[in-house]
Number of protein chains: 2
Amino acid sequence: MKKKLSIPTITRLCMVFQQCDELQIMGILRVSSTQLGKAIGVPAHTIRKDINCLGEVGDTGSGYDVARLKAHLRRALGFDQIRRACIVGLGRLGSALMDYEKFGASGFSVVAGFDSSVNRIETMQTRMPVYPAYDMKEVIQREAIELALLAVPAPVAQATADVLVASGIRGIVNFCPVVINVPETQVQVRNINVINEMRVLSSLMTLGE
Amino acid sequence: MKKKLSIPTITRLCMVFQQCDELQIMGILRVSSTQLGKAIGVPAHTIRKDINCLGEVGDTGSGYDVARLKAHLRRALGFDQIRRACIVGLGRLGSALMDYEKFGASGFSVVAGFDSSVNRIETMQTRMPVYPAYDMKEVIQREAIELALLAVPAPVAQATADVLVASGIRGIVNFCPVVINVPETQVQVRNINVINEMRVLSSLMTLGE
DNA sequence: GCTAATATGTGATTTTTTTCACGGAACAGC
DNA sequence: GCTGTTCCGTGAAAAAAATCACATATTAGC
Ligand SMILES: NC(=O)c1ccc[n+]([C@@H]2O[C@H](COP(=O)([O-])OP(=O)(O)OC[C@H]3O[C@@H](n4cnc5c(N)ncnc54)[C@H](O)[C@@H]3O)[C@@H](O)[C@H]2O)c1
Ligand SMILES: NC(=O)c1ccc[n+]([C@@H]2O[C@H](COP(=O)([O-])OP(=O)(O)OC[C@H]3O[C@@H](n4cnc5c(N)ncnc54)[C@H](O)[C@@H]3O)[C@@H](O)[C@H]2O)c1
């Protein structure tokens with residue numbers, strides 16, 4: 001029974017995929033919705049509903065075959081395709097991301113970094129090619145980069161995003177604490193806002209007592 | 001008309017608070033739900049509903065008085081209290097966070113860093129005090145630290161979180177790509193999972209075409 | 001002082017998302 | 001081969017969240 005996937009469902013399914021990967025590495029062949037739910041932090045029936053959106057793939061009575069589930073998710077969510085990504089803004093956060101080793105094993109290939117400071121570009125020592133910001137459009141198109149991790153100072157976030165959009169980027173993970181406007185049919189955005197998460201925690205602490 | 005606040009509402013209200021701050025710095029005295037909505041990326045009526053959960057604070061016809069709205073949010077969400085925070089795991093990500101300058105202006109005081117590598121502790125040059133991981137409980141209690149930013153390797157995330165809980169921490173921003181289990185009545189957790197955000201983007205790109 | 005445009009607050013409505021409940025299937029232990 | 005347990009799939013119900021619609025208030029322009 002295939003259905004349109006909602007964002008919460010997609011988010012959870014991505015986590016299920018990750019979990020399948022880990023189970024496979026551990027040599028585990030089968031898994032139940034209960035186990036998956038525990039690993040992901042949601043109830044079992046939510047997992048079942050989510051997985052069901054992609055059609056039947058589990059075995060009633062026994063659980064899910066890890067390999068089969070993973071293959072199913074891979075196809076449905078498009079993980080068979082390696083996505084090329086870049087990091088824009090190679091300051092403190094951008095540098096940390098450049099060295100982050102999990103991208104490769106997760107199906108992402110980070111192939112470029114950009115910074116507006118030529119001095120910074122020249123003094124950085126890194127395995128990955130880094131370019132001045134004014135080459136962004138050219139490099140993104142030449143290298144067929146689809147995703148960008150945006151870690152520039154907040155005041156230039158929108159202008160930088162505009163360049164990314166003009167370069168034909170398809171998705172942006174925005175670490176800057178501002179909302180960026182993009183043509184939403186062409187480009188997807190996910191925001192990561194550390195300060196706001198801390199504020200939410202602080203509010204929950206206040207409200208919860 | 002006061003109501004219980006849902007997580008989505010709290011999240012947006014925190015962003016509204018941030019926005020009020022910026023408007024105030026720009027010397028802007030009044031703001032409408034339409035403007036706020038645009039800045040935050042949600043429709044105007046959502047903003048109005050959210051703000052209304054805290055009781056009436058706007059003026060029908062003209063919009064909201066920025067100062068009054070901010071004061072209202074501050075009280076309701078508990079932002080009048082400065083929250084003390086620490087960073088656990090001073091690797092690439094943790095170091096970036098240590099140098100992040102926005103905490104102070106946002107009502108957070110980051111007063112300690114922890115790492116299990118004594119060598120790392122000793123060679124780090126930083127304004128902020130850093131401690132070996134085995135002093136975590138003592139320092140957190142002595143310094144009355146309420147929040148932790150967790151940036152340790154994923155395999156030790158749960159064990160580290162356990163120590164944080166035992167130390168009496170109230171909230172955790174978890175950057176590790178694993179779910180951590182904590183007693184949910186005592187401790188709040190917000191997860192930031194970069195890889196998963198990228199996967200979601202990738203899925204949306206696949207599904208959207 | 002009149003009009004058009006712009007505001008908020010909020011009950012009602014719609015949509016989305018989660019949760020429940022249970023039929024039917026496999027399995028482990030005995 | 002029987003029994004109690006575990007498990008998936010799924011329609012139905014419930015809960016939560018978003019959206020609409022409009023009464024009512026303010027402001028700006030003229
Ligand atoms: N440091 C953190 O831990 C942290 C945490 C959360 C969010 N953020 C956000 O991430 C962003 C970057 O933070 P940071 O601490 O790394 O800042 P940073 O100042 O260390 O680095 C910013 C980098 O962007 C470069 N840059 C400036 N304009 C640019 C442009 N137009 N194009 C390309 N590169 C440009 C600068 O040269 C610099 O190297 C900020 O928006 C910040 O709010 C940072
Ligand atoms: N680097 C990134 O850009 C990035 C991005 C997103 C998420 N993350 C996640 O953040 C976490 C840290 O990533 P990183 O790249 O900074 O790793 P890292 O290896 O550079 O740093 C980890 C640090 O944690 C310390 N550590 C190890 N065990 C500890 C313990 N028990 N108590 C305290 N400190 C301990 C290590 O000494 C090290 O300094 C990882 O879970 C990673 O998946 C990193």
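In what follows, chains are A, B, ... by sequence order, proteins preceding strands, each numbered from 1. Because the structure is predicted, anything quoted here is derived from the model rather than measured.
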Can you find a pair of side-chain heavy atoms, one from B/Ile47 and one from B/Gln19, that are under 4.5 Å apart? no
If each of B/Ala44 and A/Pro43 is mapped to the nucleotide of DNA chain C with the nearest heavy atom, which maps nearer the 5' terminus, i.e. the 5' end? B/Ala44
Answer with base, sugar-phosphate or nothing: what part of the nucleic acid does B/Val57 contact at a heavy-atom distance below 4.0 Å? sugar-phosphate
Strictly below 4.0 Å: does A/Ser33 bring a side-chain N or O up to OP1 or OP2 of D/dC8? yes
With a non-hydrogen cut-off below 4.0 angstrom, is B/Arg30 in contact with a base, only sugar-phosphate, or nothing? nothing
Measure the distance from CG on A/Asp50 to P on C/dT17 and round it to the nearest whole Å. 11 Å
Please state whether the base of C/dT19 and the side chain of A/Lys49 form at least one donor-acceptor pair under 3.5 Å? yes
Separation of D/dC8 atom P from A/Gln35 atom CD, nearest Å, is 9 Å
Could you tell me how far apart B/Leu29 (CG) and D/dT27 (P) are, to the nearest whole angstrom? 14 Å
OP1, OP2 of C/dT6 versus side-chain N and O of B/Ser32: anything below 4.0 Å? no
Going by distance alone, is a donor N or O of one side chain under 3.5 Å from an acceptor N or O of the other, for A/Ser62 and A/Arg30? yes
Examine distances only and state if a side-chain atom of B/Glu138 and a backbone atom of B/Asp135 form a donor-acceptor pair shorter than 3.5 Å. no
Is a donor on one side and an acceptor on the other found under 3.5 Å between the side chain of B/Arg190 and the backbone of A/Val200? no
From the candidates C/dT19, D/dT19, D/dA17, the one with an atom nearest any side-chain atom of B/Ser6 is D/dA17
Between P of D/dC20 and CG of B/Asn52, the distance in whole Å: 18 Å
Rounding to an integer number of Å, can you tell me how far A/Leu69 CG sits from D/dC8 P? 10 Å
Any heavy-atom pair between the side chains of B/Met128 and B/Leu90 that's under 4.5 Å? no
Take atom CG of B/Leu36 and atom P of C/dA7, then tell me their distance rounded to the nearest Å. 11 Å
Does the side chain of A/Asn193 come under 3.5 Å of the side chain of A/Glu197 through a donor N or O and an acceptor N or O? no
Please confirm whether the backbone N or O of A/Arg84 pairs with a side-chain atom of A/Ser109, one donor and one acceptor, at under 3.5 Å? no
Going 5' to 3' through nucleotides 21-30 of chain C, assign each nucleotide B (protein heavy atom under 4.0 Å from a base atom), S (under 4.0 Å only from sugar-phosphate atoms) or - (no protein heavy atom that close). B--BBS----
Rounded to the nearest Å, what distance is computed from the CZ atom of residue B/Arg12 to the C1' atom of nucleotide D/dA16? 12 Å
Please give, in whole Å, the distance from D/dA25 P to B/Tyr64 OH? 16 Å
